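Have a look at the structure below before the remarks.
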Amino acid sequence: MANTTWTCVTTDCTFDESLTYGLGKCLSTASGIIIGVEINKHFQKRNPYGAPVVCAVALLVSVPLLCIGLLLVGISTVASQILFFISGICLAVNKVLVNEIILMVVLPNRRGWSFTEKATLGWLGNVGGEYVLYWASKLLEIKFPHSELIQNHRMEFLLFIYPLVALIGAGYFLLTAKYLKKDAEKVTQFLNTPTIDEEQPEIP
């Protein structure tokens, strides 16, 4: 992405960068999950329905970090990796809080399906994101074949899709915060409604 030196794709050149990024991603995810657990404990006491707001704030904080990190790749790899690490923590905070939201608004007999759907959509997002970037890159290559700027930086431009997706996700979490309390109360009311066993007619 830097486009300041010749790209080196041999194992000797890419191993260190891949290892650094992989370790940073693992550490940021673990740190984000721990922070998410602590935030959840804190908010359960003060505001039981504040999880979507925390998720939205975490995504909104990650948006400028991702954008600045992408812009700094060509200037300072260390600075960009640090920003990516912090943004990874913000994104991982949502992992625990989303589970709490599901537990509040989904009936017990349907929670297994909800968690399965969540995991499936997450996997499809990871796989589909790679194909979206690939085909979008090919489209830019066809649409602007004579633009040296776009050809050299097209993947760098396309990576700004990720902050945009995080911004859209923050909007959805804010909408969730608006209706979460009402939906959670409906689930609680349904669970607290006593069931009446109807008397079965006698069979002669």
Side-chain angles (χ1 to χ4, degrees), residues 21 24-71 80-133 136 158-193:
Y21 178 78
K25 185 176 181 180
C26 292
L27 289 175
S28 64
T29 302
S31 302
I33 291 175
I34 294 172
I35 294 173
V37 171
E38 295 301 323
I39 291 176
N40 182 53
K41 290 180 181 178
H42 178 72
F43 266 88
Q44 284 294 331
K45 299 177 181 178
R46 299 186 58 181
N47 183 11
Y49 307 105
V53 178
V54 177
C55 293
V57 171
L59 287 175
L60 291 174
V61 171
S62 70
V63 169
L65 295 175
L66 289 170
C67 292
I68 297 173
L70 290 172
L71 293 174
S80 64
Q81 291 281 17
I82 292 174
L83 292 174
F84 291 151
F85 178 81
I86 299 173
S87 65
I89 293 176
C90 296
L91 295 174
V93 166
N94 297 344
K95 292 182 180 294
V96 176
L97 299 178
V98 168
N99 293 336
E100 289 296 326
I101 294 173
I102 292 175
L103 292 175
M104 280 192 288
V105 299
V106 179
L107 294 175
N109 61 341
R110 298 181 181 177
R111 287 172 182 171
W113 169 256
S114 298
F115 285 113
T116 303
E117 184 179 4
K118 171 178 170 286
T120 303
L121 290 176
W123 177 78
L124 290 176
N126 291 331
V127 176
E130 298 178 3
Y131 284 100
V132 169
L133 290 178
L158 289 173
L159 286 175
F160 282 95
I161 293 175
Y162 289 105
L164 176 62
V165 172
L167 189 62
I168 295 172
Y172 278 112
F173 274 120
L174 291 176
L175 286 176
T176 303
K178 182 179 180 181
Y179 300 103
L180 178 64
K181 184 177 181 180
K182 184 186 298 183
D183 293 340
E185 289 175 350
K186 288 181 180 179
V187 173
T188 304
Q189 182 180 1
F190 178 82
L191 294 176
N192 293 333
T193 302

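Positions are given from 1 along the sequence. On a predicted model such as this, the values are computed, not experimentally measured, just so you know.
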Are Lys25 and Phe85 packed together at the side-chain level, in the sense that at least one heavy-atom pair is separated by less than 4.5 angstrom?
no

Side-chain contact, heavy-atom cut-off 4.5 Å: Leu66 with Phe160?
no

Can you give me the closest heavy-atom contact between [X] and [Y], atom names plus distance?
X      : Y      : result
Pro163 : Val63  : O-CG2, 3.5 Å
Thr116 : Gly112 : OG1-O, 2.8 Å
Ser28  : Ala92  : O-CB, 4.0 Å
Ile101 : Pro52  : CD1-CG, 3.8 Å
Cys90  : Val61  : SG-CG1, 3.8 Å

Reported [atom1]-to-[atom2] distance for the pair [X] and [Y], which is rounded to 0.5 angstrom:
X      : Y      : atom1 : atom2 : result
Tyr162 : Leu91  : OH    : CG    : 11.5 Å
Phe84  : Leu65  : CZ    : CG    : 10.0 Å
Ile86  : Gln81  : CD1   : CD    : 12.0 Å
Leu70  : Ser87  : CG    : OG    : 9.0 Å
Ile161 : Ile168 : CD1   : CD1   : 10.0 Å
Glu100 : Asn94  : CD    : CG    : 13.0 Å

For the side chain to side chain contact (heavy atoms under 4.5 Å, CB included) test, which of Val106, Leu107, Val105 pairs with Ser114?
Val106

Sequence neighbours excluded, which residues qualify as side chain to side chain contact (heavy atoms under 4.5 Å, CB included) partners of Ile68?
Leu72, Leu83

Run the numbers on Leu60 and Leu167 for side chain to side chain contact (heavy atoms under 4.5 Å, CB included), then give the verdict.
CA-CA 6 Å; Leu60 291 174; Leu167 189 62; 3.6 Å; yes

Do Phe173 and Leu97 pass the side chain to side chain contact (heavy atoms under 4.5 Å, CB included) test, and can you show the C-alpha distance, the side-chain angles, and the key distance before you say yes or no?
CA-CA 11 Å; Phe173 274 120; Leu97 299 178; over 6 Å; no

Distance-only check: which donor-acceptor pairs under 3.5 Å involve side-chain atoms of residues 174-190, not counting sequence neighbours?
residue : atom : partner : partner atom : Å
Thr176  : OG1  : Tyr172  : O            : 2.8
Thr188  : OG1  : Ala184  : O            : 2.9

